[in-house]
Amino acid sequence: MVHQYKNNGYNIVLDVNSGAIHVVDDLVYDVIPLWETHSKEEIIEKLKDTYAEAEIAEAMEEVASLEQDEALFTKDQYEDYVIDFKKRPTVVKALCLHIAHDCNLACRYCFAEEGEYHGRRALMSYEVGKAALDFLIANSGSRRNLEVDFFGGEPTLNFQVVKDLVAYGREQEKLHDKNFRFTLTTNGVLLNDEIMEFANKEMANVVLSIDGRKEVNDRMRPFRNGSGSYDLIVPKFQKFAESRKQTNYYVRGTFTHHNLDFAKDVLHLADLGFKQISVEPVVAQDTDDYAIREEDLPQLFEEYDNLAAEMVRRHKSGEDFNFFHFMIDLEGGPCVAKRLSGCGSGTEYLAVTPWGDLYPCHQFVGNEKFYMGNVTEGVTNTQIRDEFKSCNVYAKEKCRECFARFYCSGGCAANSYNFHGDIHNAYDVGCALQKKRVECAIMIKAAEALEEE
Amino acid sequence: MKHVKTLNTRKLQNTIKKGGCGECQTSCQSACKTSCTVGNQTCENTK
């Protein structure tokens with residue numbers, strides 16, 4: 001399978017099954033769609049009015065050589081491999097700890113309903129958190145790197161427990177030859193020097209929630225009294241980012257139907273001095289006024305294109321920044337097993353409520369149908385785990401023919417469930433945006449590679 | 001090549017033999033939480 005497209009003046013050819021990416025001239029771009037269905041003579045006949053015959057012959061030799069080298073028209077050879085791979089015994093390697101089901105903001109799009117996840121307000125106790133870390137170690141098999149995200153609600157509302165759990169984790173990792181990677185997701189309201197200092201010492205990554213421009217942020221991320229959070233959090237986030245030397249953090253925003261011109265928000269964050277930025281589409285029900293709709297897609301595609309082109313310009317002038325969804329590692333990216341087996345929700349990755357209940361991921365918390373067990377007894381509802389385990393790109397009809405399947409790994413199970421009532425489907429608007437992001441990310445790599453020449 | 005510039009040399013099919021160690025980061029633990037973005041994660045063995 002080959003995917004070819006033009007973006008920002010580049011002709012790009014992605015050989016889906018090998019992951020090889022080629023920047024080609026117009027001639028090869030015209031040869032490729034004919035290659036598998038026409039003879040060489042027919043291709044020359046079709047193209048000879050536009051290109052010299054000798055040139056066409058030369059281009060075809062290059063295409064043939066890439067095909068021979070398994071860098072073009074490579075066959076998909078992974079289906080049996082990934083099915084076998086997913087049959088391996090399940091280990092748990094990552095937990096999303098819901099340290100607080102409570103929040104000091106009242107964000108309008110919050111999937112956790114202002115932190116409460118359709119339930120009551122609660123803070124996780126040290127005992128529950130400790131049992132969660134014990135559960136993780138006990139179920140991690142031979143995996144050494146264990147990830148724990150302190151999530152909420154807002155985890156700084158229960159920060160002493162965060163600190164105590166980190167101390168406990170550091171003690172346990174030595175005893176069990178593990179390496180904890182702690183991360184923190186915060187809205188910044190309670191951020192202070194003490195928290196920053198602690199996070200800089202202990203947190204492998206921090207995610208700082210902000211949507212972009214003041215009016216955009218304050219519309220969706222108000223306090224409970226309706227006033228905006230932008231003025232309070234921006235200086236703290238700037239200080240925090242600097243204190244982390246502009247690495248190992250993300251300012252992370254959500255865009256909605258109300259700011260379809262979200263590239264302006266990304267650039268606003270870049271202009272505030274942030275170097276690590278993630279801004280992504282809201283996931284909402286069709287009935288929500290802020291939901292992204294299918295008719296919004298053309299504008300959103302244009303925004304991604306413009307953002308990518310601007311990032312190329314800024315890269316050239318030394319003002320570059322990193323946009324999470326355009327990151328792509330062409331030489332050191334994930335292996336094919338990782339790319340095909342999905343995000344790990346319900347199997348390797350689980351969410352833990354303040355009461356110690358286990359759910360497939362943070363997005364399923366509060367939906368009793370997905371209750372999997374708890375941190376003391378472990379996973380008792382293995383049926384749900386097996387259902388998530390069977391989730392891979394070959395289990396999804398829509399993914400089989402999609403060029404982006406090695407980049408999104410079949411997409412978000414929660415999104416699929418929200419829109420189709422089934423985790424083995426895919427959220428179509430999300431897919432369309434994902435495909436556009438992959439195209440933009442590759443274009444940026446092409447621009448950088450050709451600039452270096 | 002005159003007509004083609006290839007950007008990467010690492011091929012997915014070559015990761016079958018040694019891949020799957022599972023030590024790399026879970027995508028939702030990085031910065032998404034609402035969209036599955038696996039392709040941008042870094043392989044733990046090529047760091």
*For A:Leu146, is it the side chain, the backbone, both, or neither that has a heavy atom closer than 4.5 Å to a heavy atom of chain B?*
neither
*Measure from the side-chain N and O atoms of B:Gln13 to the backbone N and O of A:Gly19, and report whether any donor-acceptor pair falls under 3.5 Å.*
no
_Among the listed options B:Val4, B:Thr15, B:Leu12, the residue most often paired with chain A at heavy-atom distances under 4.5 Å_ = B:Leu12
*Among the listed options A:Val336, A:Ile21, A:Asp15, the residue most often paired with chain B at heavy-atom distances under 4.5 Å*: A:Ile21
*Salt bridge A:Arg181-B:Glu44, side-chain N to carboxylate O under 4.0 Å*: yes
_Taking side chain as everything from C-beta outward and backbone as N, CA, C, O, which of these in A:Leu27 sits under 4.5 Å from a heavy atom of chain B? Side chain, backbone, both or neither._
side chain
_Salt-bridge present (B:Arg10, A:Asp329; N to O < 4.0 Å)_ = no
*To the nearest 0.5 Å, tell me how far A:Ser18 OG sits from B:Asn8 CG.*
7.5 Å
*List the atom of B:His3, the atom of A:Glu58, and the distance in Å for their closest heavy-atom pair.*
NE2-OE1, 2.8 Å
*Which heavy atom in B:Gly20 sits nearest to a heavy atom in A:Cys335, and how many Å separate them?*
N-SG, 3.2 Å
_B:Lys5 NZ to A:Asp25 CG distance, which is reported to the nearest 0.5 Å_ = 14.0 Å
*asked:* If I measure from the heavy atoms of chain B, does A:Glu61 come under 4.5 Å with its side chain, its backbone, both, or neither?
replied: neither
*Close side-chain approach of B:Cys43 to A:Lys338, heavy-atom, < 4.5 Å*: no
_Under 4.5 Å from any heavy atom of chain B - which part of A:Val23_ = both
*Is it the case that A:Glu147 and B:Thr26 place a side-chain donor and acceptor less than 3.5 Å from each other?*
yes
*Ion pair present between A:Glu62 and B:Lys2, side-chain N to carboxylate O less than 4.0 angstrom?*
no
_How close do A:Asn145 and B:Glu23 get, counting heavy atoms only, and between which atoms?_
N-OE1, 2.9 Å
_Return the SG to CZ distance between B:Cys21 and A:Arg144, rounded to the nearest 0.5 Å._
12.5 Å
*If you count heavy-atom pairs under 4.5 Å with chain B, which of A:Gly333, A:Ala94, A:Ser65, A:Ala449 comes out on top?*
A:Gly333
*Side chains of A:Glu331 and B:Thr9: does their closest heavy-atom pair fall under 4.5 Å?*
yes
_Contacting region of A:Val16 [heavy-atom separation from chain B under 4.5 Å]_ = backbone
*Name the region of A:Val148, side chain, backbone, both or neither, that has any atom closer than 4.5 Å to a heavy atom of chain B.*
backbone
*Rounded to the nearest 0.5 Å, what's the gap from CD1 on A:Ile442 to CG on B:Leu7? Could you check?*
8.5 Å
*asked:* Tell me if a side-chain donor or acceptor on A:Tyr78 pairs with a main-chain N or O of B:Ile16 at a distance below 3.5 Å.
replied: no
*To the nearest 0.5 Å, how far apart are NZ in B:Lys17 and OH in A:Tyr81?*
11.5 Å
*Can you tell which part of A:Ala59 gets under 4.5 Å to a heavy atom of chain B, answering side chain, backbone, both or neither?*
both
*asked:* Given heavy-atom pairs under 4.5 angstrom as the criterion, report whether the side chain, backbone, both or neither of A:Ser345 touches chain B.
replied: neither
*How far does NZ of B:Lys11 sit from CG of A:Asn17, to the nearest 0.5 angstrom?*
13.0 Å
*asked:* Counting only non-hydrogen atoms closer than 4.5 Å, does A:Gln276 touch chain B with its backbone (N, CA, C, O), its side chain (CB onward), both, or neither?
replied: neither
*Which bit of A:Phe326 comes within less than 4.5 Å of chain B, counting heavy atoms only: side chain, backbone, both or neither?*
neither
